Amino acid sequence: MSAELRVAVLGVGMMGGFHVETLSRRTHGARVAVINDFDQTKAAAVAAAVGARVEADPLAAINADDVDAVVIASPGQAHQQQVLACLDRGIPVLCEKPLTTDPVSALDVVKAERRTGRQLVQLGFMRRFDPEYAAAKQLIDSDAIGRVLLLHCIHRNMANGPHFDSAMMITDSVVHEVDVARFLLGQEIASVQVLKPAATGAAPERVADPMIVIFRTANDVIVTVEIFVRAQIGYEVRTEVVGERGSTLFGLDQHGITKFIGPAGNGISGGTVPPGFIERFAGAYEIELQHWVDAARTGGIDGPGAWDGYAAAAVCAAGVEAVRTGKVVPVTLESVE
Ligand code: ISE
């Protein structure tokens, strides 16, 4: 292992591009050595900006001599093959969600990692590194609010294209709340139900937006998730944990609250809502990447792993079925022992 971790980044769309920038300018101990993207022009531009080289084949990038670790930010359908290639080579990988596109293949990855005898796969559930989520986790574990009974999650996006249907709202958006619930509560999710209120006029026909998703955990904690991906205002993610002896509420964006004289001469008070997840979670991504770089330099990971990716895939598959059937759908997790 060279002193500096040489990273290949696969996929340099919005997320991968941001990771390249974060690794190059805001974290230490790593440098982006290789860039891969199906869009060669984009790959060349991103690589040139950080002094990396372009590799046209993702598997060649993973197996290159000048690569010690990999960040996968390619489309979800490519993840299984790319993660397995990292495991075959025995190098650490940070994989953006989803781990794979279905629970069966996600479980195969968990098993393949077990066979290496090491933990090499970290999942990009960055909210675990956000200071407010980390503080809530500490508070819960300290027993300051007592046994947790309820978790309420609000998850709103400003806008999304017509391709972003109700199933995608589960697999691409609610998946974060799945991980948040598992992380904060330390319990698996046992069932999923989805309620469909009146849809916004901004939603395409037959897309249920917003939805209320309800998880019941193994110990009967109820988690409510409002998922609303065409809310028009901005990116709003807030959470309230309710315990027997107290509660904690976070994600209120209450920084920079400004008072000014409004058009009618009246006083107006308010702040701004972040437009997207990059702005909202930039700090969490940076902390996540620094943890991953530090761990990868010694050949490991430091964060959510392959099992968390599998559990999320299993809950999302149940969630998609719940959208379709309107029923309470149980979640079954296979054992890997
Ligand atoms: C996106 O992929 C994310 O991860 C965001 O957090 C989520 O709000 C958005 O809906 C997804 O498309």
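One-based numbering, in listed order, for ligands and for the atoms of each. Owing to the predicted nature of the structure, the values given are computational and were not obtained by experimental measurement.
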Heavy-atom distance to atom 5 (C) of ligand 1: which of Phe277, Phe228, Phe125, Phe281 wins? Phe277

Could you check which of His155, Met15, Arg280 puts a non-hydrogen atom nearest to atom 7 (C) of ligand 1? His155

Considering heavy atoms of the protein only, find what lies nearest to [atom] and give residue, atom and distance to 0.1 Å.
{"atom": "atom 6 (O) of ligand 1", "value": "Tyr235 OH, 2.7 Å"}
{"atom": "atom 11 (C) of ligand 1", "value": "Asp172 OD2, 3.4 Å"}
{"atom": "atom 2 (O) of ligand 1", "value": "Lys97 NZ, 2.9 Å"}

Record the part of Asn157 in heavy-atom contact with ligand 1 below 4.0 Å; permitted values are side chain, backbone, both and neither. side chain

Are any of the side-chain heavy atoms of Tyr235 and Ile278 separated by less than 4.5 Å? no

Quick one: which ligand 1 atoms are inside 4.0 Å of a heavy atom on [X]?
{"X": "His176", "value": "3 (C), 4 (O), 6 (O)"}
{"X": "Ser173", "value": "9 (C), 10 (O)"}
{"X": "Phe164", "value": "10 (O), 12 (O)"}

Any chance you could lay out the side-chain contact (heavy atoms from CB on, under 4.5 Å) test for Glu226 and His155, step after step, and finish with the verdict? CA-CA 6 Å; Glu226 176 204 302; His155 186 150; over 6 Å; no

My understanding is that only residues two or more places apart in sequence, or in another chain, count here; which of them pass side-chain hydrogen bond (donor to acceptor under 3.5 Å, both in side chains) with Glu132? none

Mind checking the CG-CD spacing from Asp88 to Gln81? Nearest 0.5 Å is all I need. 10.5 Å

So that I know where these two stand, are Tyr133 and Phe250 an aromatic pair - ring centroids less than 6.0 Å apart? yes

Is the distance between the ring centroids of His19 and Tyr285 less than 6.0 Å? yes

Are the side chain of Tyr310 and the backbone of Glu334 linked by a donor-acceptor contact shorter than 3.5 Å? yes

